[in-house]
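One is the number of the first residue; the rest follow in order along the sequence.
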Amino acid sequence: MKKYSILYVCLAVTGLLLGGCTDLDVVPFNEITAETFYKNAVQVQAGVERPYTHANAWACPTGQTGSWRISELAADQLFWPQKGRHGYDGGDWGRLHYHSWTDATTDGTTWNAWRLMFWGMGFTNNTLEDFEKIDFPSIRLTEGDKAAYIGELKILRAWHYLKLMDLYGNIPVVTKVGEPLSPPTLPQAEVFTFIEQELNENAENMFQLENALAGRVTRAAAYAMYVEMYLNAEVWTGTPRWDDCIRYCDKLIAGDGGGLNGKMELDTDIDITYSNDNKNQSKEAIFQIAYDYNKGMWLGRGDFGSYNEQDILNTNNNGNNGIVVTSNAYNAYHAQDLRKHSWFMYGIGDGYGGYNYQGPYKDLRRKRNDYVLGTEEYTGLPIIFCFKPIKAVVSVSGSRGDAVANRTITITEWYSPEFPGDDAKLKIQEALNGSTTKNLVITNYDEGKPEVYLSGAYNGQNPELQYSWSTKNDYRYMWQDCAENTGARYNKYKTGQTGDPNYGNNHFILYRLSDVYFAKAEALMRKNGGAATQDAVDLINVVKKRAFLPEYWESADAIANGDRYTTSTLTLDELLVERGREFVFEGKRRQDLIRFGKFEFALDGWWDGNGGYADGSGGTLNRDPSRRLFAIPGNALQANPNLKQNPGYN
């Protein structure tokens, strides 16, 4: 009879995880058995839901190094640069950026994801074993209920293995806790077969998606897993499965898997899917991690938010100023694309299409007649998120000794490769005359320093390498040379302002119907030798049109500018670019780059070049294709002698 503790559950899969329960002879406090713990449906449900709450730690951008973080930071859209004295973090994020991670036990970037994901998989195995021992009718549940719960857990376990297989390729498969003690590595194709079998045996028995099941595995979620597997089957097994991919896309499009809020269909705009009431508003969400701020679970913006973000957006929390958007990712959006204006904070201006997340930012939280200011390299100056340097030369009316309130700052010279116009200059001029900044600028001016630097490269690790001022339009930063305001910033999931009754209740979307439209379009193109069919074009255009004002979308300019596709303009390369635009921040980019053969970044506009630190956290991108799989972590290899390292790491 297996025993476990409510307060301390041994969920580690022996041989896979370190730091789990290794002394099974120690009797923990408050020990009970599975048979005596599960007394009613509520307690059974608690057992089912535990792997879901744990997935928050690894599948979402919630502050831990899980699959989301290592996938996105190893791709070409997001990175976590060193910003002055912050962000070096032992070089972890630089090694992801340059694909220079290792299997060393000291390299936590791949180990933490492995640990968290196998830990979550252990929750599913633990509960499955418990449920096999329970007499469900004795707690007023049917054998049918038991079968449904077991099927849900098996599909949830399959999802864990799908994500592990994607990252690490060749992994062990364990279906019972501690059996075997040291499981062997299975080839990626065999892991694929195991996952497919689990889906085949359970998918059709799952409940259809409905609102009451938001955040749970349903038939729709299982179909979406099929779509992901078959879309990537050629990479993972060597055999393409395009027709199978299309078959499950069609099931979801037809509504065979159910719908979160009525019939499954595309959401009508670009924001509903990610809103703080997306559980009740989105029609296209298929599978999500559920959050409720009032119950202590919320998605947050910790990895993304700047140090003063709560003042910019009037929210309850600042961030750690970590992850930013690369220039090539942000600049992939055309000027009329509403996603560029809604999903990012960047630049100087008044926004577009009803969105305005451009600086300089008024202090919304404290409602002061002042601007949100920097706290590090640009302390006391208006925060402007940008990619290239900004410098203003000012003159100040009056003279030293005059009251500051009676003096006015005027910009006489303006240097900004990104924002060269007078409109940007005048907005900054207004911000420099804000109450806090005005004192700083006038003090410096009176001391003979009329230059005001609002952005520029900074090297906190090696101050002697700090770059001098440059006005070159091709100015580019290294990973380790950034500042507190470098790069465009995340704004896709908006928590709402303080006082919003749905504040922070955004569910994080893992699969959505737009995924399915894109997958079907790609499969059709792959079957057609890479050329777009009209059906493929229609699938992409119906998703993309939401990102443009109707009068522009229907105009000839939309076609001329490459925004509305035709069979000649929708190439596979363009499909990859559009996938990047549509699914930014959603944890899909690494997988996409690998499937399109671009993980070594054979793309224009990659972030930086050569140079950096000896530990590999800055320098030349490692273009070895072996990096398409992460290393099996050294910690896991030490714990389990039957694991085999992936090729290219020995």
Side-chain angles (χ1 to χ4, degrees), residues 1-59 64 66-67 112-136 138-139 141 145-165 171-183 191 194-195 198 201-202 206 215-217 221 289-290 636 639-640:
M1 178 181 297
K2 186 174 78 68
K3 299 179 180 181
Y4 68 96
S5 167
I6 293 176
L7 301 182
Y8 183 70
V9 182
C10 178
L11 294 164
V13 180
T14 306
L16 298 178
L17 303 174
L18 294 176
C21 297
T22 55
D23 185 358
L24 299 182
D25 293 324
V26 175
V27 179
F29 175 74
N30 200 22
E31 181 184 275
I32 60 174
T33 65
E35 294 91 331
T36 59
F37 171 69
Y38 293 104
K39 292 290 190 180
N40 53 52
V42 173
Q43 291 168 337
V44 168
Q45 188 63 37
V48 172
E49 290 183 355
R50 185 62 185 95
Y52 291 105
T53 58
H54 179 79
N56 158 74
W58 62 265
Q64 297 201 55
S67 70
N112 284 323
W114 172 283
R115 176 182 62 86
L116 287 169
M117 296 166 76
F118 269 112
W119 188 356
M121 185 278 300
F123 277 116
T124 63
N125 281 341
N126 186 87
T127 306
L128 280 167
E129 290 184 40
D130 283 349
F131 283 6
E132 292 294 347
K133 300 179 177 71
I134 300 171
D135 180 10
F136 271 65
S138 70
I139 57 173
L141 292 171
D145 293 328
K146 179 178 181 178
Y149 282 129
I150 288 175
E152 178 178 357
L153 286 165
K154 285 186 175 181
I155 290 183
L156 187 58
R157 180 175 64 190
W159 174 63
H160 281 74
Y161 277 121
L162 191 161
K163 295 304 179 183
L164 282 159
M165 174 185 66
I171 58 173
V173 171
V174 176
T175 58
K176 289 185 178 294
V177 175
E179 295 182 20
L181 285 175
S182 298
V191 180
F194 168 79
I195 298 167
E198 292 279 274
E201 292 175 354
N202 296 285
M206 299 303 300
R216 300 269 299 281
V217 166
I289 301 296
N640 180 358

Keeping Asn126 on the side-chain end and Val177 on the backbone end, is there a donor-acceptor pair under 3.5 Å? no

Side chains of Met206 and Val217: does their closest heavy-atom pair fall under 4.5 Å? yes

When you measure from the side chain of Tyr161 to the backbone N and O of Val174, does any donor-acceptor pair fall under 3.5 Å? yes

Considering non-hydrogen atoms only, spot the tightest contact between Lys146 and Glu132 and give its length. NZ-O, 3.8 Å

Distance, nearest 0.5 Å, that separates CG of Leu116 from CE of Met121: 13.0 Å

Beyond-backbone contact of Val173 with Pro183, side-chain heavy atoms, under 4.5 angstrom: no

Electrostatic pair Lys154:Glu201 at N-O distance under 4.0 angstrom: no

Looking at side-chain heavy atoms only, is the closest gap between Arg216 and Leu156 below 4.5 Å? no

Straight-line distance of Ile171 CD1 to Leu164 CG, nearest 0.5 Å: 5.0 Å

Report the distance from atom CD1 of Ile155 to atom OG1 of Thr124, rounding to the nearest 0.5 Å. 12.0 Å

Pick out which of Glu152, Glu129, Glu198 makes a salt bridge (Lys or Arg N to Asp or Glu O under 4.0 Å) with Arg157. Glu198

From Phe123 CZ over to Arg50 CZ, what is the distance, rounded to the nearest 0.5 angstrom? 3.5 Å

Is there a donor-acceptor pair closer than 3.5 Å between any side-chain N or O of Ser67 and the backbone N or O of Trp58? yes

Between Pro51 and Leu153, which heavy-atom pair has the shortest distance, and what is it? CG-CD2, 4.4 Å

Spell out, as yes or no, whether a donor-acceptor pair under 3.5 Å connects the side chain of His160 to the backbone of Ala55. no

Find out whether Val44 and Tyr149 are in side-chain contact, i.e. whether some heavy atom of one side chain is under 4.5 Å from a heavy atom of the other. yes

Relative to each other, are the rings of Phe118 and Trp114 parallel, tilted or perpendicular (30° and 60° limits)? tilted

Got a second to check how far Ile289's CD1 is from Asn56's CG, nearest 0.5 Å? 7.0 Å

Supply the atom-to-atom distance Met117 CE to Trp159 CH2, rounded to the nearest 0.5 angstrom. 8.0 Å

Shortest non-hydrogen contact from Gly47 to Thr127? O-OG1, 3.3 Å

Test Phe136 against Tyr38 for ring-ring contact (aromatic ring centres under 6.0 Å, His included), laying out the working first. CA-CA 9 Å; Phe136 271 65; Tyr38 293 104; 8.3 Å; no

